[in-house]
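Because the structure is predicted, anything quoted here is derived from the model rather than measured. Both backbone and side-chain heavy atoms feed into the values below; hydrogens, waters and symmetry mates do not. We name chains A, B, ... by the order of the sequence lines, and we start the count at 1 in each one.
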Amino acid sequence: MSNPFPLEKDGLLEAYRRMKTIREFEERLHVDFGRGDIPGFVHLYAGEEAAGVGIMMHLQDHDRIASTHRGHGHCIAKGVDVKGMMAEIYGKATGSCAGKGGSMHIADLSKGMMGANGILGAGAPLVCGAALAAQKLGHDGVGITFFGDGASNQGTVLESMNLAAIWNLPAIFVVENNGYAESTSVDYAVASDSYVDRATGFGMPGITVDGTDFFAVYEAAGEVVKRAREGGGPTLLECKMIRFFGHFEGDAQTYRAPGENEDNRKNRDCLKIFRAKVTEAGVLNDAELDAIDAEVMTLIEDAVAEAKAAPLPTPADLTTDVYVSY
Amino acid sequence: MSNPFPLEKDGLLEAYRRMKTIREFEERLHVDFGRGDIPGFVHLYAGEEAAGVGIMMHLQDHDRIASTHRGHGHCIAKGVDVKGMMAEIYGKATGSCAGKGGSMHIADLSKGMMGANGILGAGAPLVCGAALAAQKLGHDGVGITFFGDGASNQGTVLESMNLAAIWNLPAIFVVENNGYAESTSVDYAVASDSYVDRATGFGMPGITVDGTDFFAVYEAAGEVVKRAREGGGPTLLECKMIRFFGHFEGDAQTYRAPGENEDNRKNRDCLKIFRAKVTEAGVLNDAELDAIDAEVMTLIEDAVAEAKAAPLPTPADLTTDVYVSY
Amino acid sequence: MARTLSMKDAINEALDQEMTRDPTVIMMGEDIVGGAGAAGEDDAWGGVLGVSKGLYHKHPKQMIDTPLSESAYVGAAIGAATCGLRPVAELMFIDFMGVCLDQIYNQAAKFRYMFGGKAETPVVIRAMCGAGFRAAAQHSQMLTPIFTHIPGLKVVCPSNAYDTKGLLIQAIRDNDPVIFLEHKNLYASECDVPEEPYAIPFGEASIAREGSDVTIVTYGLMVPNSLAAAETLKKEGIDVEVIDLRTLSPIDMDTVIESVENTGRLVCVDEANPRCSIATDISANVAQDAFGALKAPIEMVTAPHSPVPFSPALEDLYIPSPDRIAAAVRKTMGA
Amino acid sequence: MARTLSMKDAINEALDQEMTRDPTVIMMGEDIVGGAGAAGEDDAWGGVLGVSKGLYHKHPKQMIDTPLSESAYVGAAIGAATCGLRPVAELMFIDFMGVCLDQIYNQAAKFRYMFGGKAETPVVIRAMCGAGFRAAAQHSQMLTPIFTHIPGLKVVCPSNAYDTKGLLIQAIRDNDPVIFLEHKNLYASECDVPEEPYAIPFGEASIAREGSDVTIVTYGLMVPNSLAAAETLKKEGIDVEVIDLRTLSPIDMDTVIESVENTGRLVCVDEANPRCSIATDISANVAQDAFGALKAPIEMVTAPHSPVPFSPALEDLYIPSPDRIAAAVRKTMGA
Ligand SMILES: Cc1ncc(C[n+]2csc(CCOP(=O)(O)OP(=O)(O)O)c2C)c(N)n1
Ligand SMILES: Cc1ncc(C[n+]2csc(CCOP(=O)(O)OP(=O)(O)O)c2C)c(N)n1
Ligand SMILES: [Mg+2]
Ligand SMILES: [Mg+2]
């Protein structure tokens with residue numbers, strides 16, 4: 001049977017692995033947070049995997065992304081070490097940020113991941129800087145900033161769109177529109193009906209895709225990343241998506257319609273949709289995917305076990321890393 | 001001869017008086033600044049009078065405006081006392097702000113003038129607040145924020161547009177597009193070719209008018225103000241215009257094309273255009289307008305003389321007015 | 001009958017009573033009601049930690065959910081305050097001030113002065129502050145010194161539910177812009193709180209504990225930590241006076257100086273970072289105005305000059321502890 | 001051969017030399033070139049007061065004019081700094097920090113810590129500060145204490161052309177985010193400045209004048225004002241030492257304390273507003289660490305707790321004058 005997909009088998013397996021890793025990472029955090037094992041604020045990306053992975057499949061380490069408070073998915077999709085992430089979330093010295101950052105600040109510049117961010121919209125200017133650096137240093141790297149429907153109303157995001165457009169930066173503005181900012185609907189908070197219109201107002205093309213469909217995201221992102229790499233300038237890419245959990249762990253979600261979460265899980269699960277597509281097309285089979293599932297479960301299991309066993313930061317760590325030198 | 005204009009004779013005379021007052025106020029400041037009589041930064045509105053006056057002719061004291069660093073024209077058009085303004089610019093105790101504000105901070109809340117502003121874009125949220133207050137207090141006041149083509153790229157302006165749209169506020173966003181932000185062209189700095197597109201991206205109508213044509217501004221503003229008063233929500237109104245002087249007094253203006261200023265003065269002087277229209281239509285005659293000119297000259301002359309003679313603030317004034325009570 | 005209330009509920013009650021008293025009092029913020037435009041329940045959140053829960057049903061016209069545009073809505077609150085409303089804008093976490101500070105410090109704080117006394121801006125900006133929530137570097141800051149530095153702002157940071165209610169009511173009635181900082185780690189702390197509305201005047205410190213050997217001056221979460229230190233020290237025979245500033249601007253230096261004149265020893269405790277802090281402010285003013293009364297160097301106990309770390313193991317060291325406070329007190333006693 | 005340069009020209013030269021040395025040094029800001037997209041001359045402005053005039057022709061690829069979007073372009077400078085560039089972003093007036101502070105204090109300042117030491121952000125944010133220009137409340141502030149308060153930032157505020165060149169070169173070569181504040185009222189001040197590039201290390205105060213009776217600690221425009229006061233006092237037989245901090249973070253407390261141990265008397269002079277200021281910071285640290293050396297109360301001379309007034313008649317009173325400084329010194333002498 002011929003492969004109707006834009007990725008070879010290897011690529012499809014890799015995409016599935018990343019999505020599944022995100023999913024299980026988040027499902028596990030949900031459980032462990034509920035159990036009281038995890039400190040702080042935790043915002044889960046489960047349900048949104050196809051967007052992050054569909055985009056990140058086009059990127060390399062010299063491409064930069066800036067993430068959000070809901071950053072685990074972007075990290076995993078961009079290749080940040082899962083065990084380091086888990087240890088970070090557990091506040092351990094072995095974490096990606098030595099335990100100093102936590103869920104909202106996981107970063108790995110060596111992987112081109114400029115950080116989750118506790119400040120909405122703050123990644124947009126940073127990514128303009130990454131894109132500018134690519135321009136000035138003469139490499140083909142792109143910068144991608146992720147932000148939610150809520151954060152799309154932050155002035156700094158809007159300014160950055162204008163900046164990227166006038167400088168023709170290889171910058172991409174990804175709106176992850178999951179319909180809510182905390183409990184507030186996008187219909188209430190965003191004045192325009194269309195992010196494409198908003199992009200037009202800043203002199204850049206806008207595209208809207210179904211963010212639960214990996215292939216839709218993958219194709220749109222491919223085009224957009226290519227244009228940016230080739231000097232064609234910035235684009236706004238809206239991914240319409242859903243989040244499976246509450247805004248953060250602990251959210252009772254009474255703002256949702258009755259049955260909304262169940263319906264989402266049942267009918268709009270990007271992993272299920274992906275599996276159905278690739279198996280129905282006969283390009284991958286369930287056994288291949290199940291094997292990945294098993295590997296992912298082991299990875300997550302190990303990550304949690306290692307995180308729990310890992311050492312805490314020491315008192316001396318409190319005041320290091322404030323400056324390179326002071 | 002019948003009157004083809006949307007204003008009766010009285011109204012036309014009043015509009016001319018306001019425009020002429022602004023013009024002479026600014027021309028005089030230009031001379032006096034050059035002479036070293038005036039301290040600080042002074043940004044002149046000369047050339048842009050038709051926009052401020054065309055809009056303000058629709059407003060009353062309970063309508064609020066927020067102005068910019070280039071605020072004298074808005075003040076005069078909104079009815080702020082010219083002598084108080086002059087004294088303020090001279091740093092005198094009799095000034096609109098008791099000498100504490102200066103050119104960039106002239107305000108008169110009793111006239112609905114919420115202040116010139118040294119911070120670009122800062123008026124936009126303030127005017128949303130004024131519009132919200134009108135809504136909540138149940139009166140038909142509108143709020144109008146002025147900002148330049150440069151400031152149209154400030155995040156706070158963009159956020160405010162979204163806010164005004166989702167709350168359906170009686171707020172109006174006036175872009176005074178004089179083609180430059182300091183020395184930088186609007187073509188360089190604003191990504192979109194059209195402010196109408198930008199308005200669309202924030203879910204509000206946008207209109208572009210020739211800001212050197214009093215009647216074009218007056219008619220567009222009338223419609224926009226009426227819609228806001230009647231609960232129809234916000235609008236963006238772009239006035240394309242020119243500034244006769246440099247960005248501020250002292251600007252050598254080498255960024256302009258050769259002959260640009262002369263051409264502007266000759267062919268795009270909103271006062272000349274107004275005079276030509278009303279006299280050609282036979283609704284007003286030169287003698288009537290000349291009489292206003294003479295009155296205005298006297299007013300400005302008196303304002304300068306009184307400002308020069310006025311007392312300075314006293315040392316005790318340094319630390320008053322920081323709080324209502326402390 | 002004494003009635004116990006948490007700080008969180010005291011805030012809710014103060015807002016409720018003031019919105020009832022005066023219909024020009026409005027509240028604005030992100031998800032302060034919750035569920036706007038969504039299909040589910042009304043009043044779905046009541047703020048991120050539920051502080052304003054229930055107020056929407058009582059005051060539907062006075063409670064406004066905002067988009068995530070702090071500069072726009074905080075600025076709108078400020079603009080509305082010059083037009084006859086008395087808005088209370090919620091900034092969620094004070095750490096977010098970086099996206100809207102201009103409206104606070106260049107607009108609200110300066111209007112009255114720049115306009116020659118011809119403006120009043122009765123706006124309250126409420127926000128959570130402080131560490132201890134494992135919320136890391138961008139959701140745990142105090143930032144009190146920054147607002148205190150700015151002329152034209154009043155800055156409040158209460159330490160208990162009783163003061164919180166009275167100070168918030170005063171903040172709403174006050175005719176100047178007020179930054180009202182609620183330490184999130186005190187939200188659950190309870191004490192007796194009268195049901196009727198009452199206002200506590202700004203610029204009056206309270207003596208949280210009387211003592212004769214050493215004066216501790218502090219505010220917010222550091223009040224309970226200082227009181228805990230004082231209990232420990234009591235057993236060692238050191239009698240500590242703890243002054244709770246309550247408002248940082250205006251500040252009640254009279255009470256501080258009177259106390260130092262009695263004790264001759266001063267420890268300034270501040271959860272903020274050390275440089276140009278509230279601790280340095282108090283210390284410097286005492287070193288200028290009550291130098292003669294001092295029997296020992298003034299000690300400061302603050303957070304380190306570092307961001308707030310995430311790991312609980314580090315965050316617990318970041319926050320000045322009763323132990324560190326006690327050690328500083330002992331040092332002033334020459335021990 | 002000694003060569004005299006104004007502070008303004010010293011800045012230009014430092015930028016020029018560093019852009020020549022290292023092509024990853026770029027400059028961004030509003031009208032730092034000027035005339036972008038316009039029909040007239042290139043390099044039409046060179047910044048609002050002409051500081052960067054001429055640099056565009058020498059370094060066309062390294063000079064970038066920006067739209068009026070401080071949050072976007074300051075943030076872009078910060079982002080680029082984590083990607084191999086060494087950007088110098090010009091904020092024109094430091095008063096504009098309110099529209100971009102988040103990028104400075106929650107992003108640049110915290111990256112290294114939040115990311116566990118795995119980030120470097122070599123960005124310089126240059127801005128004019130200070131009063132005396134009749135530019136009123138929103139264009140005349142110091143704001144030095146606010147930046148100094150924030151861990152992760154370095155803060156520089158030079159008092160003369162020589163230091164300015166060396167400190168700016170150091171700022172550009174430094175691997176941490178630096179807030180570089182240029183007092184606009186010093187731009188015209190001249191002194192000998194070597195032609196070759198040189199870096200002055202951060203955290204080293206300079207002794208602007210040696211003296212044995214009283215120590216004045218200050219920075220920026222207050223250095224010449226303090227030196228003027230010292231000249232007056234000399235005639236009265238009072239021998240004043242003037243310490244120019246040069247960098248406020250890191251701060252050279254060693255030099256301060258050594259001086260106070262010699263003189264026993266301290267006057268802290270700060271053009272910033274008084275609360276939680278640099279003046280309180282120095283005073284408090286001396287009162288903690290060198291209390292025993294003090295023979296008299298520490299005096300502070302600062303701007304009042306008010307915005308900067310426009311009227312020259314008031315602004316001249318707002319700025320701490322040599323007379324006020326001299327009076328404070330006399331007070332510490334018991335005179
Ligand atoms: C500047 C700023 N304002 C407010 C918040 C608090 N906050 C964190 S997440 C969030 C909702 C974000 O919604 P959206 O952008 O749609 O992202 P989502 O959570 O849906 O992924 C809010 C209000 C913040 N972190 N930063
Ligand atoms: C936030 C902020 N950034 C920069 C400035 C400095 N500045 C004052 S006016 C100006 C140009 C404004 O251009 P525009 O908005 O087009 O208004 P115009 O001067 O043309 O009327 C600039 C950059 C400022 N005052 N505030
Ligand atoms: Mg969302
Ligand atoms: Mg303009």
Next item on the list: With sequence neighbours left out, write down each residue that passes side chain to side chain contact (heavy atoms under 4.5 Å, CB included) with V31(B), or none if nothing qualifies.
Entry: R35(B)
Notebook entry, point to check: Tell me, side chain or backbone of I119(B) under 4.5 Å from chain D's heavy atoms, or both, or neither?
Noted result: both
Next item on the list: Kindly write out the residues that satisfy side chain to side chain contact (heavy atoms under 4.5 Å, CB included) with A164(B), not counting sequence neighbours, or none if the list is empty.
Entry: C128(B), L169(B), A171(B), F173(B), P234(B)
Check: Which region of A313(D), side chain (C-beta onward) or backbone (N, CA, C, O), has a non-hydrogen atom less than 4.5 Å from a non-hydrogen atom of chain B, or is it both or neither?
Finding: side chain
Note to self: If the condition is side chain to side chain contact (heavy atoms under 4.5 Å, CB included), which residues does A46(B) pass it with, not counting sequence neighbours?
What the structure shows: R23(B), E26(B), E49(B), F244(B), F245(B)
Note to self: Out of A189(B), A98(B), G118(B), return the one with the most heavy atom pairs under 4.5 angstrom to chain D.
What the structure shows: G118(B)
Checklist line | chain D contact via L312(B) - which portion, at a heavy-atom distance below 4.5 Å | finding: side chain
Note to self: Minimum heavy-atom separation for P39(B) and F310(D), please, with both atom names.
What the structure shows: CG-CZ, 3.7 Å
Margin query: Given heavy-atom pairs under 4.5 angstrom as the criterion, report whether the side chain, backbone, both or neither of V48(D) touches chain B.
Written below: both
Checklist line | Best-contacting candidate, P67(D), P304(D), G40(D), A72(D), against chain B by heavy atom pairs under 4.5 angstrom | finding: G40(D)
So which N and O atoms of chain B and chain D form donor-acceptor pairs under 3.5 Å?
residue	atom	partner	partner atom	Å
G91(B)	O	S311(D)	OG	2.6
G99(B)	O	S311(D)	N	2.9
K100(B)	O	F310(D)	N	3.0
N117(B)	OD1	Q138(D)	NE2	3.3
G118(B)	N	Q138(D)	OE1	2.6
N153(B)	O	S69(D)	OG	2.9
Q154(B)	NE2	L68(D)	O	2.7
Q154(B)	NE2	E70(D)	OE1	2.6
S183(B)	N	D31(D)	OD1	2.9
S183(B)	O	G35(D)	N	3.2
S183(B)	OG	D31(D)	OD1	2.6
S183(B)	OG	G35(D)	N	2.9
T184(B)	N	D31(D)	OD1	3.3
T184(B)	OG1	D31(D)	OD1	2.8
S185(B)	N	A36(D)	O	2.8
S185(B)	OG	G37(D)	O	3.4
Y188(B)	OH	D65(D)	O	2.5
D251(B)	OD1	W45(D)	NE1	3.4
T254(B)	O	E41(D)	N	2.8
Y255(B)	O	G40(D)	N	2.7
Y323(B)	OH	H305(D)	NE2	3.0

